[in-house]
Amino acid sequence: MAHIAFPLTRAVPKPVRPRDRLLNVVASICILSGAGLFFLARRALSEIAEGELALSSESALTNVAFTDSVVLRSRVGLWLVVVGAILAVAAAISHRFRRSA
């Protein structure tokens with residue numbers, strides 16, 4: 001059998017730009033903080049539904065206003081996750097195009 005020689009040298013990949021790393025960090029922060037905010041708000045909504053969480057009589061908010069603020073926190077958390085995912089995909093696409101160029 002004939003011996004087939006493969007070249008041992010390989011092209012060195014381009015390093016990741018600091019901008020892409022920063023974009024990944026921002027995306028991670030958005031995803032983690034959004035998920036945390038979403039789950040805390042959902043837990044508060046579950047406690048409200050079960051009657052375990054009630055406002056004190058000294059509170060300036062009504063029960064409806066408090067519930068609306070918790071729902072808003074839940075939506076903001078979900079949007080932070082979506083924005084973080086979009087940023088992560090954009091950074092991956094940018095990095096892929098830079099490496100292939």
Side-chain angles (χ1 to χ4, degrees):
M1 273 199 184
H3 180 70
I4 300 173
F6 293 102
L8 296 177
T9 59
R10 205 164 79 167
V12 177
K14 293 179 183 178
V16 179
R17 291 183 296 190
R19 183 181 132 235
D20 290 336
R21 290 201 189 275
L22 181 63
L23 199 55
N24 285 334
V25 168
V26 170
S28 299
I29 290 171
C30 283
I31 290 171
L32 291 176
S33 63
L37 187 61
F38 178 80
F39 287 121
L40 287 174
R42 283 297 163 189
R43 187 176 72 185
L45 286 173
S46 296
E47 290 175 358
I48 290 171
E50 294 169 359
E52 296 174 3
L53 183 64
L55 292 175
S56 65
S57 60
E58 300 168 357
S59 176
L61 292 175
T62 64
N63 286 330
V64 174
F66 178 69
T67 304
D68 286 343
S69 71
V70 175
V71 169
L72 179 63
R73 281 183 248 160
S74 172
R75 289 180 181 163
V76 168
L78 187 60
W79 277 109
L80 278 173
V81 170
V82 169
V83 167
I86 290 170
L87 289 175
V89 169
I93 290 171
S94 169
H95 183 65
R96 176 60 62 194
F97 280 136
R98 185 170 183 272
R99 284 189 123 185
S100 65

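Since the model is a prediction, treat every value here as computed from it, not as a measurement. FYI, the numbering just counts along the sequence from 1.
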Which atom of [X] lies closest to which atom of [Y], heavy atoms considered:
X: Leu80; Y: Gly34; value: CB-CA, 3.6 Å
X: Ser33; Y: Cys30; value: OG-O, 3.4 Å
X: Leu23; Y: Ala91; value: CD2-CB, 3.6 Å
X: Gly84; Y: Ala27; value: O-CB, 3.3 Å

Please list, one pair per line, the donor and acceptor atoms closer than 3.5 Å that link side chains of residues 42-53 to other protein atoms, with sequence neighbours excluded.
{"unit_1": "Arg42", "atom_1": "NE", "unit_2": "Ser74", "atom_2": "OG", "d": "3.3"}
{"unit_1": "Arg42", "atom_1": "NH2", "unit_2": "Ser74", "atom_2": "OG", "d": "3.4"}
{"unit_1": "Ser46", "atom_1": "OG", "unit_2": "Arg42", "atom_2": "O", "d": "3.1"}

Report task. For residues Val25 and Ile29, determine if any side-chain heavy atom of one lies less than 4.5 Å from a side-chain heavy atom of the other. Result -> yes
Requested in this report: Please check if Leu78 and Phe39 belong to a single hydrophobic cluster, counting links between Ile, Leu, Val, Met, Phe, Trp and Tyr side chain heavy atoms closer than 4.5 Å.
Outcome: yes
Query raised in the report: Are Leu37 and Val70 in one and the same hydrophobic cluster, where Ile, Leu, Val, Met, Phe, Trp and Tyr link if side-chain heavy atoms are under 4.5 Å apart?
Result: no
Query raised in the report: With distance as the sole test, does Ser94 use its side chain to make a donor-acceptor pair with the main-chain N or O of Ala90 at under 3.5 Å?
Result: no
Query raised in the report: Roughly how far apart are Leu22 CG and Leu87 CG, rounded to 0.5 Å?
Result: 10.0 Å
Query raised in the report: What distance do Phe38 atom CZ and Arg75 atom CZ have between them, rounded to the nearest 0.5 Å?
Result: 11.0 Å
Query - Side-chain cluster (under 4.5 Å, hydrophobic types only) that Val82 belongs to, other residues - result: Trp79, Ile86
